Amino acid sequence: MAKLESTFRNMLVALFGVTLIASASLGLVYNVTKSPIERAELEKQNNAIAAVLPQFEELGTAYKKFPPEGRDSVDIFPALDQNGEIVAHAVKSYTYSGFSGYIEIMVGIDVNNTITGFRVLRHAETPGLGSKMEQWHNDTEKPGQNIVGRTLNEEGLKVSKDGGDVDAITAATITSRALMDALNRANATVSDLDSYTGATPVNN
Amino acid sequence: MNQWKNFTKGFIKENPVFVLLLGMCPVLGTTGTAINGLGMGLATTFVLFMSNTVVSLIKNVIPDKVRIPSYIVVIATFVTIVQMVMQAYLPSLFESLGIFIPLIVVNCIVLGRAEAFASKNTVLSASIDGLGTGLGFAFALTLLGAARELLGSGKIFNFEILPEQYGMLIFILAPGAFIALGYIIAITNRLNKQKA
Amino acid sequence: MEYIIIIISAILVNNIVLNQFLGVCPFLGVSKKIETAVGMTGAVTFVMVLATIVTFLIQHYILNPLQIGYLQTIAFILVIASLVQLVEIVLKKVSPALYQALGVFLPLITTNCAILGVAILVIQKEFTMVEGVVYAIANAIGFGLALIIFAGLREHLDLQEVPKGLKGVPIAIITAGILAMAFMGFSGIV
């Protein structure tokens with residue numbers, strides 16, 4: 001078969017045809033993958049909620065609340081005991097100050113403002129450095145860097161470089177500082193603080 | 001042309017990364033670990049294979065003057081498919097490769113093979129060429145990823161080879177990407193010269 | 001204040017070439033002479049800003065309202081490709097002098113992943129229009145800075161005695177690595 005001539009009509013038909021077929025097949029794949037994408041996200045979120053909370057009977061109704069400082073609202077999932085009393089909150093919080101920008105975490109905070117656990121949901125930090133944040137700050141053998149079990153007050157958590165008592169990840173202080181920002185934002189939101197430390201970048 | 005030769009030329013002799021120096025952005029940007037390099041390599045292989053096949057199929061119905069835009073649309077379609085499938089079934093890999101997935105579209109290797117090879121050859125040759133070039137690209141990315149991961153953190157594919165304190169962090173960071181790649185290209189040059 | 005942070009971080013800290021690895025192909029390809037490096041920088045700046053504005057409008061006024069965000073890659077690359085053509089035609093008519101200076105670099109720009117990369121990043125980072133334009137300009141400056149410094153280094157490199165195995169491309173890439181290391185020194189400032 002000879003090649004089609006480059007007449008205006010042929011060009012128009014060819015380009016239009018290619019684009020039409022392309023968009024149609026993309027629409028098809030989009031509809032096929034849409035529900036697995038949503039399911040994967042939801043599953044990740046539910047697993048994280050279960051992992052960060054202490055013993056609880058059932059989850060209450062989730063709601064959104066605007067933090068004292070920040071660009072967007074955070075999601076709060078209250079955990080109830082047998083009597084329907086709130087024992088802790090799982091908070092989906094965020095920060096924009098990671099080394100590569102946005103980090104999203106799920107953190108469990110009980111009624112005494114103690115961190116019961118946390119999971120990183122989304123990040124783009126450097127592999128081998130900032131990406132270690134979940135293991136690093138969850139290491140029960142190293143109390144200096146572990147943050148689970150710490151009680152948050154109005155001061156919030158700070159890395160040692162900023163005058164706090166959390167040992168930051170070696171060579172990735174920025175990531176640790178961002179994680180503290182997300183944690184403090186979560187705590188300030190559930191405990192109705194007016195502001196919190198770490199909302200503004202620390203200059204040193 | 002001998003199809004086996006057609007398939008294997010992409011690995012060493014005409015390796016898209018080490019010899020032709022094409023598609024450098026993902027080569028440097030996604031090889032912090034071996035697994036990321038492999039994932040990126042296989043994603044690109046899929047796009048190369050599919051776009052080469054389709055371009056070769058439609059080469060006769062596309063008028064010459066609109067050939068490049070049509071090829072770009074074909075490539076962008078497969079890139080978007082990879083993007084959506086990865087997001088659905090491999091979400092953590094999708095997150096760590098980030099912006100480099102949509103950027104497969106501007107990877108010069110993909111358009112280069114479509115224009116230089118697929119638009120002039122039979123469907124069979126074109127798809128084998130796509131597969132070979134793609135796997136050569138994946139091989140290069142995995143090799144570089146493994147080298148950087150080993151030097152940087154003492155691991156390969158997350159298996160500990162050396163204790164972590166021997167790792168030289170710089171190889172995981174940006175400068176190490178350039179330096180490791182420079183030495184691998186020097187070694188490949190030397191190997192190719194010996195054969196010739 | 002926020003704009004200053006965007007600018008400094010894009011030019012020095014997260015340099016688009018040396019840290020984010022976007023636009024590495026032209027970085028290695030047209031860095032043999034300072035003159036060509038300057039020309040390329042001009043062309044990239046021009047197209048990057050234009051492309052960011054147009055893709056921003058397309059994302060927010062066409063793709064989002066119609067909920068066809070999944071066509072983003074296809075739409076953006078087609079827009080950038082046609083934009084480059086358009087710029088070439090307009091430039092040829094309106095300013096032949098400028099066309100002479102930038103013309104040869106324009107076709108190379110379609111496959112410059114820095115352009116598409118910045119366009120997508122502006123959407124991902126949820127910038128406003130103004131922030132997006134500032135970000136695009138800063139990244140273009142960052143690209144130019146890295147490219148011109150690198151071209152200067154390579155001009156000197158030509159006169160040096162390099163071990164045989166490393167001659168040509170390998171030593172150039174290793175030099176880029178050392179340049180990236182120098183830029184890492186900025187990482188504390190924002």
Side-chain angles (χ1 to χ4, degrees), chain A residues 1-45 99-104 120-132 134-135 169-172, chain B residues 30-37 54-55 58-92 94-99 119 145 148-149 152-155 158 164-165 167 169-174 176:
Chain A
M1 195 166 116
K3 252 190 153 76
L4 273 184
E5 294 274 331
S6 292
T7 60
F8 185 71
R9 198 184 65 102
N10 280 348
M11 290 201 288
L12 208 65
V13 171
L15 255 190
F16 189 71
V18 169
T19 322
L20 198 70
I21 295 170
S23 325
S25 48
L26 278 185
L28 195 74
V29 177
Y30 173 73
N31 280 320
V32 172
T33 53
K34 199 170 140 199
S35 65
I37 291 177
E38 280 165 6
R39 215 180 309 136
E41 297 251 310
L42 198 67
E43 197 180 333
K44 200 164 145 197
Q45 180 171 312
F99 189 69
S100 315
Y102 190 71
I103 300 175
E104 193 175 78
V120 177
L121 296 176
R122 182 167 295 174
H123 78 93
E125 304 295 284
T126 321
L129 286 175
S131 69
K132 288 191 297 195
E134 200 170 288
Q135 297 90 309
I169 307 167
T170 316
Chain B
T30 64
T31 52
T33 62
I35 191 76
N36 282 359
V54 171
V55 163
I58 61 170
K59 60 179 186 280
N60 285 332
V61 293
I62 302 292
D64 244 9
K65 275 191 184 149
V66 290
R67 131 184 134 253
I68 300 288
S70 315
Y71 297 169
I72 291 181
V73 173
V74 171
I75 294 166
T77 310
F78 288 114
V79 170
T80 314
I81 290 176
V82 167
Q83 207 176 341
M84 292 191 287
V85 170
M86 244 186 174
Q87 197 177 3
Y89 302 105
L90 295 166
S92 60
F94 176 78
E95 303 254 306
S96 55
L97 296 180
I99 181 120
S119 66
R148 286 179 64 193
E149 199 181 348
S153 63
K155 298 176 189 164
N158 248 338
E164 200 176 341
Q165 58 266 36
L169 265 181
I170 195 79
F171 278 98
I172 293 183
L173 299 171

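Note on naming: letters A, B, ... go to the chains in the order of the sequence lines (proteins, then strands), and numbering restarts at 1 for each one. Only a predicted model underlies this, so the values are computations on that prediction, with no experimental measurement involved.
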Student: Which distance, rounded to the nearest 0.5 Å, do you find between the OH of A/Tyr30 and the CE of B/Met84?
Tutor: 8.5 Å
Student: Hey, does B/Leu97 have a side-chain heavy atom less than 4.5 Å from the side chain of B/Met86?
Tutor: yes
Student: Going by residue number, which parts of residues 32-39 of chain A are within reach of chain B, meaning a heavy-atom gap below 4.5 Å?
Tutor: A/Thr33, A/Pro36, A/Ile37
Student: Which bit of B/Ser96 comes within less than 4.5 Å of chain A, counting heavy atoms only: side chain, backbone, both or neither?
Tutor: neither
Student: Is any side-chain heavy atom of B/Val74 closer than 4.5 Å to one of B/Ile58?
Tutor: yes
Student: If you define the side chain from C-beta out and look only at heavy atoms, does anything of B/Val54 sit under 4.5 Å from B/Phe78?
Tutor: yes
Student: Measure across A/Leu121 and B/Glu95 and return the closest heavy-atom pair with its distance rounded to 0.1 Å.
Tutor: O-OE1, 4.3 Å
Student: Using non-hydrogen atoms only, which part of B/Phe94 is less than 4.5 Å away from chain A: side chain, backbone, both, or neither?
Tutor: neither
Student: Take B/Thr31 and B/Asn36, measure what side chain to side chain contact (heavy atoms under 4.5 Å, CB included) needs, and give me the verdict at the end.
Tutor: CA-CA 6 Å; B/Thr31 52; B/Asn36 282 359; over 6 Å; no
Student: With a 4.5 Å cut-off on heavy-atom pairs, point out which of A/Leu26, A/Ile21, A/Val13, A/Thr19 contacts chain B the most.
Tutor: A/Leu26
Student: Once you round to the nearest 0.5 Å, how far does CG of A/Leu28 lie from CD1 of B/Ile81?
Tutor: 9.0 Å
Student: Of the backbone (N, CA, C, O) and the side chain (C-beta and beyond), which part of A/Ala40 lies under 4.5 Å from a heavy atom of chain B, both, or neither?
Tutor: side chain
Student: Is any side-chain heavy atom of B/Ser119 less than 4.5 Å from a side-chain heavy atom of B/Tyr71?
Tutor: yes
Student: Taking every non-hydrogen pair under 4.5 Å, which of B/Gly98, B/Ser70, B/Ala174 racks up the most with chain A?
Tutor: B/Ser70
Student: Considering only heavy atoms and a distance below 4.5 Å, find which of B/Gln87, B/Lys155, B/Glu149 pairs most often with chain A.
Tutor: B/Gln87
Student: For the atom pair CE (A/Met11) and CZ (A/Phe16), what is the distance rounded to the nearest 0.5 Å?
Tutor: 16.0 Å
